[in-house]
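To start, the structure itself, in structure tokens.
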Amino acid sequence: MRRFSERLNLTDVIMFIIGALILLLVVVGSAATLYAGKYTTRQWLDLVVFGVALGSIYALIALGYTLVYGILRMINFAHSEVFMAGPFTAYFLADAMGKSGFLDQNLFVGLLIIFAVSMTVSTIVAILLERIAYRPLRFAPRLVPLITAIGASFFLQYFFRGLYGPNIKVYPEIAFLKNVIRIGDLNIQYLQVLVIAAAALMMIGLQIFIQRSRTGKAMRAVAEDKQTAALMGIDIDQIIVITFVIGGALAGAAGVLYALMFKQVNFIMGFIPGIKAFTAAVLGGIGNVPGAMVGGMFLGIIESIGPTLFLDGLNVPAPQQLKDAIAFTLLVLVLIFRPSGILGEKLAQKKA
Amino acid sequence: MKARFLFVAMLAVAIGLVVSACGPSTPPFQCKDKLGCVDIAPNDSVHIAYAFVTSGENSTLGLDTKYGAEIAVDDKGGKVLGHAVKFDGQDSGCNAEGGQTAATKIAADKTIVAVIGTNCSSEAVPGAPIIANAGLTMISPSNTAPYLTDPAKRAPGYFRTAHNDKVQGAAAAEFVFKQLKYTNVATIHDGGPYTEALANVFADSFRKLGGKAVVEAVNVGDKDMKPVLTRVAAGKPELIYFPVFIAEGGFICAQMRDVPGLEKTTMMGADGIFSPDFLKACGKNVVGMYFSSPDFSAFAGGYQALVDKYLKKYNQKSTLAPFHAHAYDAMNMFLTALENPAVTVKDADGTLHVQKQALRDVIAATKGFKGVTGNLTCDPTGDCADPKIAVYQVNADNFSSLTMPKNPIWKQGQ
Amino acid sequence: MAMLEVNDIHSYYGNIHALKGISLTVDKGEIVTLIGANGAGKTTTLKTISGLLHPRHGAIMLEGERIDGLPPHQIVMRGIGQAPEGRKIFGALTVLENLEMGAYARNDTAAIARDLDFVFALFPRLQERRSQLGGTLSGGEQQMLAMGRALMAHPRVLMLDEPSMGLAPVLVEAIFETIRKLNKEGTTILLIEQNAAKALQVASRGYVIETGQIVLQDSAENLRKSEKVRKAYLGEA
Amino acid sequence: MLSNPDRSYPIKIGLLSGVIAVLIALEGMIQAFGARDIIGGVISLGHALLYATFFAAAYLAIRRSGATRLVNTIFVGALSSLIASIFVIALVWLGSWTDLGYVFVNATQPLYELLTFKQGLVVGSLLMLIVGIVMGILAALTVALPAKTRQYILTPVIWVITLGVLQDLVTVTIQNMPFLKPVTNFLYVSNGLSIPGALTIFVLLLAINYFWLEKRSAAQNRYASLPPASRRAVRWGSIGIGVVLLLMLPQILGLYLSEVLDNVGLYLLMGLGLNIVVGFAGLLDLGYVAFFAIGAYTVGVLTSPELGHAVIIGNWWVALPFGVAVAAFAGILLGIPVLKMRGDYLAIVTLGFGEIIRLLALSDVLKPFFGGAQGTRSIADPDIGPLEMTWSPQSFYYLFLAGCILVIFVSTRVKNSRLGRAWMAVREDEDVAQAMGIDLVATKLLAFGMGASFGGLAGAIYASKLTSIFPHSFNFLISINVLSLIIIGGMGSIPGVVVGALALVGLPELLREFSDFRYLLYGAALVVMMLVRPEGLVPEARRAMELEEFREEEEPAKEPVVLKTMGQP
């Protein structure tokens, strides 16, 4: 036993050294960058705004992962395709409305329709996914539904590719949303305001729903203990479907926000945001709704600011290339010190 | 039990043998070619294979080149020397192992006379030597990496109609420095071999000319380009050259004006985004942007006719990307070479004998071949593209009609 | 007609034959206890009744209506409430929310409010801690909450699985007092206990289960007197 | 459920199949497969697919309706397949009125022509209706056949389709065996099987199938009744034939199929490595590609003269141990921070690690060391000593074979060792394992290290085989693919990994020409596979037991029976 504890110490020491090295690099890099003074305050603020807007979208997608994870203890890998299905389908409507000029004249109604279509399609895909691919495997070992999810993810990607074609489709540009609000050094586009506000509203709404509503409480009960929840008269299947519906609708909404911000949609568009959102969910503490928000914001801001802040001062060429490497390194750092995420509780320690 | 099974099996073989014995007797042609010959029976087709990326996220590139080559076959009436042309192939996946697998499958098929491929340079590195070992000739419509035609490493029988990055990158730098008279530029690549090489050649050439150039990079799949553009903005460049593909190029171009400091910066792209889809992906910011690209104006109408045919045939697919013209030329080079009596011997009964080494030699000797991408002349290293690079500029009319400009504003060497 | 009738059920865990033909009845207004050693199949019996396990053979009737094969939530809706073994409090939900979950299957708001008052009257401690998280309660409080939660379903049959397990003697006493009280007010109870002595004190009838089979059944009084029960379950020589 | 006939069922299943048929058409499958004839000039793969949908609709409807009289079954079957065909007709009519092509890329004139047999809208629609009814009747007749007869016919039909689909592969492979050329000439026309060819295959296989099914038990009995000595002789004989076959395989299969086998071998090596981490020790690793990359890059950087490093090892065999060792070291290094993480936290961190490695290899910062986007090229061949040879897929086959045998040997030995049992214990329950006195740190790190070293070995051979490596080759999808193959094969089971690699790497390679639909079918196959046979193709005995439990415990009593019969071949 003594030998064991000694070796455990060794690994702890190594971990500490890894952590300290990363921190040192971050601190030295940041100090050097700031000292060089190559970037203005306004540029830093801009970077933060970009990060928050991107982070909002990550957070919305992350909610889908976190909700399903909380209830089924499974990584719904195909959630990224739920996110893709909505805006990819709604594109045709948006394109038609954009060409006819309807969208510019009735912006609000037009956006509402696009949101409605996208959210509906994403929700339907999520429900079908649950019904066909996941429900029969509810009690299978963890890895089995994971593989099903991966398979479903491939299937959905290429299904939509076959349906709508492989090339990039471009959402119409909405001139109004390009207007800029200026507050001192801070510049925010209406579009960014829309994205951040819509995401925040939806997340707060979800939080209230889960905390206050009867269904929300039942969701929490099911997340904690399915058998006991069933003994309370809660229909587990129904709650799980509701979870997928909420996750799907949020992903559909996030998809439209994404499409408004970046304009391009195609069959593979969900893959990278999906991975990022899943990372955000873990970063914040998976199974935890506010955690998804925090994780999403953190990731968005790190991706935006990180490479410049940490690496520019160290004279690293093309640091933006390494933004994902930075994000994942910080993820490891966070998990070394908080093994269950920023806001995560002991859930990770529980046997999944 | 076994006896009966054996009997049936032997019967089947016997039937097969009888059928074969009734076939025509061997023609008098003797193959003296160093690499051997492909014999094509009177009713068989001339088999040309492709190794293109037709699956996954890069499939647009593969389909574009495939369609370009198919139109070349159509233009010949689908026939060469009275034999139908069979053009099929393998998915090469835009990665090294896909290139190797596709090349091996092509090499294994002894009916194939020529190969068009590959799309991505990484496919050609392991793929080209395999094609070479099989004695085949391969022309790539879209490999641009300089090392593929590096004399020390080039696989025999490897040619390309796409422009070597060295040529295009240097020409673009020359235009920016000499014509626009800019001295401070930035370039962004996406980590792909094509864009990385082009961006670096551009930056190096620009520095050699006496200017200042910064190289930045993003990753394939990145959407938010504002952070990298903010970094670029800090260097206050006069022009940003981003020789990337449509998705990432679209993001950069569309987000460019949202970044303070870049409101007026000139944008320039390369042939990878010289396509109407890019105009859509970027939006109105694209007006005034420059593109380095092969000089399509050299043959009035030739290129436009190709585009028209393409859109007519494949409109629904709308995969129009930049390399169909190179593929069209590559296919035409093969079809022309195959018709050359030095390459193909035709028997009286219509049987064809394609001599592999002769095909290689004829392709290598291509000189002044009139293609839609210019006058193709193969140099000893396998680069056949017309080294004339032109620069085009997109105006408001181009944008509203989603068509690419037809006349370049600058040509190299003028 | 019996309130709850279990007729020759066989349940399996994988290939393990856990229940080998259990039959029991609980009449209206009774407390019936099922006693047995660890692993004898007590909890499995409850799981089978509440639908968490489906019997491969046999039938379960609630007031003459077959309920085996139904999903658990429908069985609860039909009137079988359960305080599961180990209490299974929702730790991340407040006491009040836990109780609300107990009434999840019901829609009669007014009656639910009445039942809530009833539970709070029964367990004043719960009222004090109504907005505390379930996970922060003590063992005894958790047991009260588990029982209260089961009562919130206003069950026709209340099934209690080891309510005294892991509790201090004083608390055990209090719990059994409550069980008696509930029964007096008309609740039919199926009680599962390892503490056979206590269980047989409150119950009117009892069943003894051993390795998945009922080996004895009689009135509580007779069981208390039976040689076998005294030796094996009451710890007497 | 089965005993309770549902009258609306034929209609429901007809509607569902109709939707599926329309989706198949809109996916472009009918067009793409339409270009490929199973039997030249008679039936294309595209049409066969459509008919199969109708047939399946009718068959299912009959089965579920509980109808037994032939008239009834014909009615039920024809009804549902008719409904399905009406959907297809509706698609064509809709397409002729509106521009479906605006949304659906494949809704084009050629598709409509295919769906109407080029006979125009009205006549084509009628023909399609007739096809629907005929399929329904065929399904009814199929149901009416005795089970045995059905089995006799089914296998030859499947073989005819397979041989038709794989025409390219068969003819190319047979090019190596000129004496067989007449056979292919007889079997195939330029596109698809020839009619006499198809008939011959059908009759031949019907006969073989008949003898096989009828006489199998007799042969088994005869084997069982042999004296032990001759039984041993038979066994050793078959093993000997197996070994010889294994060694001869590349010569028999030719260039391309050897290449496919090489790819299978590559994934088999990785699969066996990941199997140690995930299958044995139960640690979910989604970034396994990192070790593959590290092995490949170590060997690449050490042997490639192009990067201009000071230290160049010309000999691949000398560089190999470095590749394996560096990968193993990286495995242990990754293992340390994730020691205390469980389940999905582990998954995301390992995923991140895989991405970090790829991004670093790609980055401009490390370009002087790894070649950046242009990769590392001119990597040495695995020449032995001064013996230089041309390395073809056929010769690499032996390298992979040797590697796989070595790794399988090590895996098997380790699995049954003390360490292997410790891994199983950690997999089942970490806390219990620790309480039993298992050193969690050493156990987990050894799993990571050993798993990584196999990946490094795979990478080293891969680098040499391709002679060039690019960062893009080491993406997340490889990790996913390797994970999928060990789970499809049967987690923790070594034969399972072999079967999984053959199924997930070998099979898709054979269908390379249908690249457009490869991922679609791959995804669908993963889902179906997990639903039908969650324990994998060749499950580990222990795992199978656990899964058996899950089924019987949690599913309604009837369910497991259905699952089992569906899983059987």
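This one's a predicted model, so the numbers in the text were calculated from it and none came from an experiment. Residue numbering restarts at 1 for every chain, and letters A, B, ... go by the order of the sequence lines.
Taking the side chain as every heavy atom from C-beta outward, B:His189 and D:Asp364 approach each other to under 4.5 Å. Side-chain contact between D:Gln374 and B:Pro146: absent, with no pair of heavy atoms (C-beta onward) separated by less than 4.5 Å. Between D:Leu362 and B:Glu196, every side-chain heavy-atom pair lies at or beyond the 4.5 Å cut-off. Looking only at side-chain heavy atoms (C-beta outward), D:Glu259 and B:Lys105 stay at 4.5 Å or farther from each other.
D:Asn475 meets the side-chain hydrogen bond (donor to acceptor under 3.5 Å, both in side chains) test with no other residue; sequence neighbours excluded.
Residue contact with chain D, scored on non-hydrogen atoms closer than 4.5 Å, involves the side chain of B:Asn200 exclusively. Contacts of D:Leu257 with chain B are absent, with no heavy-atom separation under 4.5 Å from either backbone or side chain. For B:Val215, the part lying near chain D is the side chain, with the backbone staying farther off; criterion is any non-hydrogen pair under 4.5 Å. Both the backbone and the side chain of B:Thr111 come within contact range of chain D, with heavy atoms under 4.5 Å apart. Neither the backbone nor the side chain of B:Asn133 comes within contact range of chain D; no heavy atom of the residue lies under 4.5 Å from a heavy atom of that chain.
B:Pro126 approaches D:Ser468 most closely through the heavy-atom pair CD-OG, 3.8 Å.
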Report the C-alpha separation of B:Ile106 and D:Tyr256 in whole Å, then their side-chain angles, then the decisive distance to 0.1 Å, and conclude whether the side chain to side chain contact (heavy atoms under 4.5 Å, CB included) test is met. CA-CA 8 Å; B:Ile106 289 168; D:Tyr256 175 62; over 6 Å; no
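With hydrogens and angles ignored, the 3.5 Å screen pairs a side-chain donor or acceptor of B:Gln100 with a backbone N or O of D:Lys465. A donor-acceptor pair is defined here as one N or O able to donate and one able to accept, closer than 3.5 Å; such a pair exists between the side chain of D:His472 and the backbone of B:Gly191.
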